[in-house]
Amino acid sequence: MCALILGLLPVGCQTLKQPELGEPLADLTRAQRAQFQEGKKIFQRVFEPKDGLGPLFNGNSCAECHEKPVVGGVGDEVEVHATRFEGPYSCDPLFQEGGPVIQQEATPLLKAKGIEKEQIPPSATAQARRSTPPVFGFGLVDAIPESTILSHEGYPDGRGEAISGRANRTIDGRVGRFGRKAAVAALMDFNAGAFPQEMGVTTPLSPVEETINGTPVPPDTDPAPDPEITVEDIEKVTAFVRYLAPPPRQVFTDSQDRYLAGRGRKLFEYLKCSLCHIPKMTTGPSAVKALNRKTVWLYSDLLLHDMGSQLADICLEQAHPAEFRTELLMGLRYREQFLHDGSAKTVREAIERHGGEARYSRDKFKALRDRDKNALLKFLETI
Amino acid sequence: MKNMFLRMTMIVAVGVAMHMEASEADQLKSDLVGQCMGGREKCWKFQSLDQIKELVVKDKTEDSQKRVYTVALQLQAAKGSGKYAAEARVEYVKTAAGWKVKQVGLLSLKKSG
């Protein structure tokens, strides 16, 4: 229809070109595009000890872990986290013992003191591995209203049976949405915490170096004066991630692939994958046109679900060890390792290792004929 | 009579000092609402006064353009997961409209209940 009208009226029915992977959202202003580019530079900035790296750290830049196939994507790093579960309603993130992120690297000055990395705190009850998620489209996820997330709590199949999602809450009571346990409420909070916790770079919001399991770092191991970056730099990095477009949907040129993907989409519904991996949500009102009331194809309800004892690891805020936020499938085809800990090598393996509330879907998937399994996997290749 | 006057003066002075301290703490609490400190899981956004159960000023420095408080806080959110003891650095800058919070730095945080 649009094409027809376009033929008659060359001006007035334009569609925006879908951004390529790693590009900014389509309808940003010139100033917002400039913020995106400035933020990207800081995202790629490699920190050295003289700039504030460490003394303990996991990576020396944001892009070290978010790098494939383009900046903002995935990495092969797997982190170590640990907390103390005092169940059923109490989780201690062990801030006084260095916090839940256990840094795996040390600068030469710290190594000279005999410290190679942080240790699992003695009072931790469990540890976890965490792979790097891609951050494409996270600005749109950030712009989804809390009320939308909360509206999906409860029993989505309406029968009060196996599936029941609930929102995690941050320590200050906000609805969480980022992180594998949905323990972080906002993109700015995530980025503000990534500098000190992942790179050992202090900020005005976290002006003191992360401790080594609760012990302050030796004074002569941290040559850069605190804070090591400004709030403005964090805001620039946040602008980069906020304006990073979601991955373009894959459109198959081969008719057989298109047919299979279409069948797979129906199976995604039939197997009830879509009860938790809700295909889309809508952002709230925003002063940024590119984020204002937009559809986000995230394939998640952003809620916690019990995934069974086989996948259980740490608690975090109000999430129990077996509870995980429904993983966003947005950008799934760019991932190289699967599940929260990267331990599944294929999408198929990840599906087959779902447990707890997802066991119905898993069992139904396992019972499918190979042709149907391939159809579902083909559909997932489009996301 | 003279002793009585001195005693009364001291009581008034202590009262005024305590009132000023309370006012300063109340002002700080009020100014913190809307601010964020820390990051990721270790992050606190002050959403309302009732989240600040206690605020004690531990240190204060000031020059003509900048005022910095170090405060001890007891925090608890209605829908949060417990009580937290925090120490924070609250930095004000002087503007045409008066003193404004520039940023709040989280110095330490511990689950306390």
Side-chain angles (χ1 to χ4, degrees), chain A residues 81 83-84 86 89-101 167-176 178-179 181-186 188-198 201-208 210-211 214 216 226-227 230-232 234 238 315-319, chain B residues 29 32-55 58-59 61 66-93 100-113:
Chain A
H81 294 194
T83 61
R84 178 177 180 77
E86 297 165 328
Y89 302 111
S90 184
C91 180
D92 189 338
L94 302 176
F95 294 137
Q96 72 280 12
E97 293 179 56
V101 179
N168 198 358
R169 296 273 178 176
T170 57
I171 58 172
D172 58 24
R174 288 175 291 159
V175 172
F178 292 110
K181 298 263 179 181
V184 182
M188 178 68 183
D189 298 347
F190 204 97
N191 293 333
F195 280 97
Q197 292 179 35
E198 305 295 357
V201 173
T202 56
T203 75
L205 307 178
S206 302
V208 179
E210 292 283 302
T211 63
D226 298 318
T230 63
V231 171
E232 290 72 27
I234 303 171
T238 303
C315 62
L316 202 55
E317 318 306 10
Q318 297 177 13
Chain B
K29 284 184 186 178
L32 283 173
V33 175
Q35 300 291 327
C36 286
M37 61 179 183
R40 237 161 88 167
E41 297 88 357
K42 201 175 169 182
C43 172
W44 196 282
K45 182 174 183 180
F46 297 91
Q47 295 148 83
S48 61
L49 276 176
D50 63 3
Q51 290 188 337
I52 308 170
K53 303 301 176 192
E54 192 181 321
L55 184 151
K58 295 182 73 179
D59 189 37
T61 59
K66 194 165 95 171
R67 184 185 284 173
V68 180
Y69 290 92
T70 303
V71 297
L73 298 154
Q74 292 293 330
L75 301 168
Q76 187 174 20
K79 291 180 176 169
S81 53
K83 294 177 185 167
Y84 291 85
E87 201 168 279
R89 182 156 68 213
V90 187
E91 190 177 326
Y92 286 78
V93 287
K100 295 281 176 203
V101 175
K102 182 185 176 196
Q103 59 209 13
V104 185
L106 178 64
L107 302 176
S108 68
L109 186 67
K110 182 183 177 181
K111 190 164 189 188
S112 59

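By convention in this document, chain letters (A, B, ...) are assigned in the order of the sequence lines, proteins followed by strands, and residues within each chain are numbered from 1.
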Would one find more than 12 heavy atoms of other residues, nucleotides or ligands at under 6.0 Å from atom NZ of B/Lys110?
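Open.
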Crowded around B/Lys79 NZ? As in, over 12 foreign heavy atoms under 6.0 Å?
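No, the 6.0 Å shell around NZ holds no more than 12 heavy atoms from other groups.
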Would a distance-only check, ignoring hydrogens and angles, find a side-chain to backbone donor-acceptor pair under 3.5 Å from B/Gln47 to A/Asp172?
yes
Keeping A/Thr83 on the side-chain end and A/Cys315 on the backbone end, is there a donor-acceptor pair under 3.5 Å?
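Confirmed, A/Thr83 side chain pairs with A/Cys315 backbone.
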Let's go through B/Lys29 and B/Phe46 carefully: what are the C-alpha distance in whole Å and the side-chain angles of both, what is the deciding distance for side chain to side chain contact (heavy atoms under 4.5 Å, CB included) to 0.1 Å, and is it a yes or a no?
CA-CA 9 Å; B/Lys29 284 184 186 178; B/Phe46 297 91; over 6 Å; no
Close side-chain approach of A/Ser206 and B/Lys42, heavy atoms under 4.5 Å
no
Describe, in one word, how the ring planes of A/Phe178 and A/Phe190 are oriented to each other, choosing from parallel (under 30°), tilted (30 to 60°) and perpendicular (over 60°).
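Rings of A/Phe178 and A/Phe190: perpendicular, as their planes differ by over 60°.
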Salt bridge between B/Glu87 and B/Lys58, side-chain N to carboxylate O under 4.0 Å?
yes
Heavy-atom pairs under 4.5 Å with chain A, option from B/Gly38, B/Ala88, B/Cys36, B/Ser108 with the top count:
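The candidate making the most pairs under 4.5 Å is B/Gly38.
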Given a strict heavy-atom distance threshold of 4.5 Å, which part of [X] is in contact with chain B: side chain, backbone, both, or neither?
{"X": "A/Gln96", "result": "both"}
{"X": "A/Val175", "result": "neither"}
{"X": "A/Ile234", "result": "neither"}

Between atom CG of B/Leu109 and atom SG of B/Cys43, what is the distance when rounded to the nearest 0.5 Å?
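Reported to 0.5 Å precision, the distance equals 10.0 Å.
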Among A/Ile171, A/Thr202, A/Asn191, A/Asp189, which residue has the highest count of heavy-atom pairs closer than 4.5 Å to chain B?
A/Ile171
Give, as side chain, backbone, both or neither, the part of B/Glu41 having an atom under 4.5 angstrom from any heavy atom of chain A.
both
Part of residues 66-77 of chain B lying next to chain A, heavy-atom separation under 4.5 Å:
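Residues in range: B/Ala77.
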